[in-house]
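Structure, as structure tokens:
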Amino acid sequence: MIFKPESLALVLQGKKTMDARKVNYKPGRYFLGCDGRIFGVASLQRALVVESARTWARLREHHRSLESSAPYSPKTYLFHISVLKKLPQVSFHHPQGAVNIVLYRP
């Protein structure tokens, strides 16, 4: 999973326990990447579907968002994310234009 540096830092510190995406990923283990490097392995649980402002208001603190509305419409998928292991920075090939999920290729 690809993150922006600020979000990845919060995930690795355990301060961001949910992540929002516009695609419903399968539960399981994922590498946490940023800027062509992998920083850890995380577990994603089954997604919660955010279809209302009320649901977003209840859960947004876990996402560490200051936004009053969910980031994606018409549906936002919110995943519980827990870091299983931090890794030394491992490089990977990040194809140009790829966002959210990329296949790991050293």
Side-chain angles (χ1 to χ4, degrees):
M1 294 180 71
I2 304 299
F3 285 87
K4 293 180 180 175
E6 318 79 49
S7 293
L8 180 58
L10 292 172
V11 169
L12 291 172
Q13 293 169 16
K15 294 180 180 178
K16 178 179 170 99
T17 58
M18 297 189 97
D19 190 51
R21 302 286 169 133
K22 64 181 175 180
V23 177
N24 188 6
Y25 300 142
K26 292 180 181 179
R29 293 180 184 202
Y30 291 82
F31 289 116
L32 304 176
C34 178
D35 296 331
R37 294 184 310 266
I38 295 173
F39 293 83
V41 179
S43 173
L44 291 186
Q45 295 178 6
R46 198 173 94 203
L48 303 169
V49 180
V50 179
E51 294 179 313
S52 71
R54 173 181 251 167
T55 303
W56 177 248
R58 183 172 51 88
L59 296 171
R60 75 180 185 167
E61 70 183 70
H62 301 285
H63 181 263
R64 301 285 293 201
S65 177
L66 301 175
E67 300 297 322
S68 59
S69 60
Y72 306 107
S73 64
K75 286 184 184 176
T76 295
Y77 296 94
L78 204 55
F79 300 89
H80 284 280
I81 185 168
S82 58
V83 176
L84 300 174
K85 183 177 182 180
K86 293 180 187 177
L87 299 173
Q89 295 180 20
V90 177
S91 296
F92 73 98
H93 174 71
H94 187 162
Q96 184 175 0
V99 295
N100 292 321
I101 296 284
V102 297
L103 294 176
Y104 172 68
R105 288 188 300 170

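We use all heavy atoms of the structure for the numbers below, so side chains are in, but hydrogens, waters and symmetry mates are not.
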| field | Worked verdict on T55 versus L48 for side-chain contact (heavy atoms from CB on, under 4.5 Å) | value | CA-CA 10 Å; T55 303; L48 303 169; over 6 Å; no
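- Looking at every heavy atom in both residues, P71 comes nearest to A20 through CG-CB, 3.8 Å.
- Nearest heavy-atom pair, N24 versus A47, reported as atom, atom and distance to 0.1 Å: OD1-CB, 3.4 Å.
- Within the model, atoms OG of S82 and CZ of R29 stand 9.5 Å from one another, a figure rounded to the nearest 0.5 Å.
- Applying the side-chain hydrogen bond (donor to acceptor under 3.5 Å, both in side chains) rule to E6 yields no partners; only residues at least two apart in sequence or on another chain are considered.
- Closest approach of V83 to V11, counting heavy atoms only: CG2-O, 3.4 Å.
- Checked against D19 for a side-chain contact (heavy atoms from CB on, under 4.5 Å), the options H80, H62, H63 give a single hit: H63.
- Placement of M1 and L12 within a single hydrophobic cluster is found when ILVMFWY residues are connected by side-chain heavy-atom separations under 4.5 Å, directly or transitively.
- Environment of CD in E67: sparse, with no more than 12 heavy atoms of neighbouring residues, nucleotides or ligands closer than 6.0 Å.
- Heavy atoms only, all atoms of each residue included: I81 and K16 are closest at CG2-O, 3.9 Å.
- Taking all atoms of both residues into account, the shortest heavy-atom contact from P5 to D35 is CG-OD2, 4.0 Å.
- To the nearest 0.5 angstrom, T17 atom OG1 is 8.5 Å from E61 atom CD.
- In the hydrophobic clustering of ILVMFWY residues, with side-chain heavy atoms under 4.5 Å counting as a link, V23 and F3 come out together.
- If you take CD1 on I38 and CG on L8, they are separated by 11.0 Å, rounding to the nearest 0.5 Å.
- Placement of Y72 and Y77 in two distinct hydrophobic clusters is found when ILVMFWY residues are connected by side-chain heavy-atom separations under 4.5 Å, directly or transitively.
- Following chains of ILVMFWY side-chain contacts shorter than 4.5 Å, one cannot reach L44 starting from V50, and the two form parts of different hydrophobic clusters.
- Taking the six-membered ring for Trp and thresholds of 30 and 60 degrees, Y25 and Y30 have ring planes inclined between 30 and 60 degrees apart.
- The shortest non-hydrogen separation linking K4 to C34 is C-SG, 4.1 Å.
- Scanning for side-chain hydrogen bond (donor to acceptor under 3.5 Å, both in side chains) contacts around R60 gives an empty result, with sequence neighbours left out.
- At least one side-chain heavy atom of L78 sits less than 4.5 Å from a side-chain heavy atom of W56.
- Clustering ILVMFWY residues whenever any of their side-chain heavy atoms sit less than 4.5 angstrom apart, transitively, puts V41 in the very cluster that holds I2.
- A distance-only check finds no donor-acceptor pair linking the side chain of K75 to the backbone of V49 [under 3.5 Å].
- For the side-chain hydrogen bond (donor to acceptor under 3.5 Å, both in side chains) test, no residue two or more places apart in sequence or in another chain qualifies with K26.
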